[in-house]
Amino acid sequence: MDKENLSRLLNDLQTRSKVTVAFESCFMVLVIITAFCGNLLIIAAVFKNSGLRTVTNMFLVGLAIADVLTASLVMPFTASIFVHGNWIFSETTCIFQGVFILCVIWISLHMVTLMAINRYFCVIRPRLYKKYFTKRSTAAMISVVSIVPFILTISPYLSGLVTYIFRPGKASCFMTFDPDRRLGKIAYTFFLLIIYTILPMAFIAVCYYKLFCTVKQHAKATKNTIRSRQSEGWSSEEMRMTKMLLVLVVGFVFCWVPVITVDFLNAIMGTGSLPRAAYVTYILFAYFSSCINPIVCLTLNGKIRREAKKLVCFRRLRQVGDAEQTIETNLDLTILRVKQTPHQDRAAGEVSEN
């Protein structure tokens with residue numbers, strides 16, 4: 001049944017209209033450029049300005065690195081599939097993409113979860129925040145959520161529980177379970193469902209619900225006073241960061257709801273049983289989540305936006321300066337030629353008279 005569904009989806013992929021091919025390909029290219037350039041700009045801005053190297057921004061940089069890797073090492077293969085209508089690379093490359101796509105997606109999801117927990121402690125438990133969220137402990141958290149996904153994806157492959165095959169519906173390579181090891185499939189799927197779906201979403205929901213209630217109560221109590229806010233250790237900068245991260249998390253969750261829904265239905269109904277449109281929606285929303293970080297940060301985070309502008313404008317100013325220097329050089333040469341022309345004409349006249 002799974003083979004029949006995959007054959008049907010492959011046929012749907014290869015018989016698309018030219019308009020569909022153009023839309024899917026152009027959309028993927030736009031997402032790749034936005035995710036790669038936008039997240040790279042965030043990384044450069046934070047590393048260039050020492051004042052931006054805060055604990056919270058470490059999570060933003062971790063998420064940006066994961067998104068840059070997604071845009072450079074995962075998305076181009078899907079873009080190629082949308083263009084050619086088939087997998088044109090080797091089996092080893094398919095395994096690479098299949099492992100990497102799961103790893104970077106899980107890293108991103110857990111990084112967003114850590115942001116929510118970070119904001120909870122920063123606003124509601126400021127004393128514990130200073131104790132647990134040091135730069136060293138934050139680096140350790142980021143390292144753990146970056147390493148564990150690789151272990152969880154490579155281990156079942158090495159044990160023979162899963163393999164990675166081309167999925168024409170999702171236009172990517174994904175893990176496929178050994179049909180003879182049904183119990184292992186159920187146990188592993190249930191484990192991943194809890195670790196990478198239920199728990200992260202639960203943590204995000206609880207943390208931001210608590211934050212929303214606390215901020216709302218605090219706003220009523222301190223409507224006309226600033227002293228109480230300062231006494232609680234809150235700052236306008238932290239509140240702005242909390243609101244920005246809330247927007248980021250909401251955008252991330254918005255992209256992931258279709259992904260989780262399709263995965264849930266696919267698990268119940270069987271591999272490849274849904275229409276191709278459902279799987280295309282799945283993969284496009286999953287990839288577009290890599291654009292949320294730069295869109296939100298460069299729009300709502302004034303410090304990062306100003307530093308990013310400096311980086312971009314520096315290049316432009318340097319290009320303008322080079323162009324102006326070239327124009328000035330050409331102008332000087334032109335003036336020099338104009339000045340030399342009368343002397344050359346007089347010299348030529350004297351020679352002719354003689």
[atom1]-[atom2] distance between [X] and [Y], expressed to the nearest 0.5 angstrom:
X	Y	atom1	atom2	result
L13	R167	CG	CZ	14.5 Å
C291	L30	SG	CG	7.5 Å
I292	S108	CD1	OG	11.5 Å
L193	L199	CG	CG	9.5 Å
L6	E4	CG	CD	10.5 Å
L161	M175	CG	CE	8.0 Å

Can M111 be reached from V206 by stepping across I, L, V, M, F, W or Y side chains whose heavy atoms are under 4.5 Å apart? no

Treat each ILVMFWY residue as a node, draw an edge where side-chain heavy atoms are under 4.5 Å apart, and state whether V145 and Y132 are in one component.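 Yes, V145 and Y132 fall within the same hydrophobic cluster.
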
Go through the structure and list residues passing side chain to side chain donor-acceptor pair (under 3.5 Å) with S90, not counting sequence neighbours.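 Partners of S90 under the side chain to side chain donor-acceptor pair (under 3.5 Å) test: T93.
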
For T163, enumerate each residue passing the side chain to side chain donor-acceptor pair (under 3.5 Å) test, keeping only those at least two apart in sequence or located in another chain.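 Scan of T163 (side chain to side chain donor-acceptor pair (under 3.5 Å), adjacent residues dropped) gives none.
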
Provide the closest heavy-atom pair for [X] versus [Y] in the form atom of the first, atom of the second, distance.
X	Y	answer
V46	L52	CG1-O, 3.7 Å
F166	C173	CA-SG, 3.9 Å
A79	M28	CB-CB, 4.1 Å
N301	I304	OD1-N, 3.1 Å
M115	F59	CE-O, 3.4 Å
G160	D178	O-CB, 4.0 Å

Whether the side chain of [X] engages the backbone of [Y] through a donor-acceptor N/O pair (distance < 3.5 Å, no angle test) should be reported.
X	Y	result
S289	A286	yes
N86	I88	no
T134	K130	no
R16	F82	yes

Between Y120 and K210, is there a cation-pi geometry (under 6.0 Å to ring centre, at most 45° from the normal)? no

Check against side-chain hydrogen bond (donor to acceptor under 3.5 Å, both in side chains), T20 and S17: CA-CA 5 Å; T20 304; S17 66; 2.9 Å; yes

More than 12 heavy atoms of other residues, nucleotides or ligands under 6.0 Å from [atom1] of [X]: is that the case?
X	atom1	value
E91	CD	no
L183	CG	no
Y209	OH	no

Using side-chain heavy atoms (C-beta onward) and a distance below 4.5 Å, is [X] in contact with [Y]?
X	Y	value
V162	T176	no
L114	F203	no
L9	K170	no
T138	T56	no
R53	M58	no
Y129	V55	yes
T197	W106	no
Y196	P149	yes

Per-pair distances, 0.1 Å, donor-acceptor, side chain in residues 241-259, under 3.5 Å, sequence neighbours excluded:
{"from": "T242", "atom 1": "OG1", "to": "R119", "atom 2": "NH1", "distance (Å)": "3.3"}
{"from": "T242", "atom 1": "OG1", "to": "E238", "atom 2": "O", "distance (Å)": "2.8"}

Taking the six-membered ring for Trp and the full ring for Phe, Tyr or His, determine whether the centres of F100 and F150 are under 6.0 Å apart.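 Under 6.0 Å, so yes.
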
Under the side chain to side chain contact (heavy atoms under 4.5 Å, CB included) test, which residues partner S172, sequence neighbours left out? T78, Q97, I101, F174, I283, Y287

Candidate list V280, I81, V19, test side chain to side chain contact (heavy atoms under 4.5 Å, CB included), partner E24, passing option: V280

Identify each donor-acceptor pair in which a side-chain atom of residues 64-77 lies under 3.5 Å from a protein atom, sequence neighbours left out, and give them as a table.
{"from": "D67", "atom 1": "OD1", "to": "S290", "atom 2": "OG", "distance (Å)": "3.4"}
{"from": "T70", "atom 1": "OG1", "to": "A66", "atom 2": "O", "distance (Å)": "2.8"}
{"from": "S72", "atom 1": "OG", "to": "V68", "atom 2": "O", "distance (Å)": "2.8"}
{"from": "S72", "atom 1": "OG", "to": "L69", "atom 2": "O", "distance (Å)": "3.4"}

Sequence neighbours left out, what passes ring-ring contact (aromatic ring centres under 6.0 Å, His included) with F121? Give chain and number order. F133

Between the side chains of Y279 and N266, does any donor sit under 3.5 Å from an acceptor?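 There is such a pair (donor and acceptor under 3.5 Å, judged by atom type) between the side chains of Y279 and N266.
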
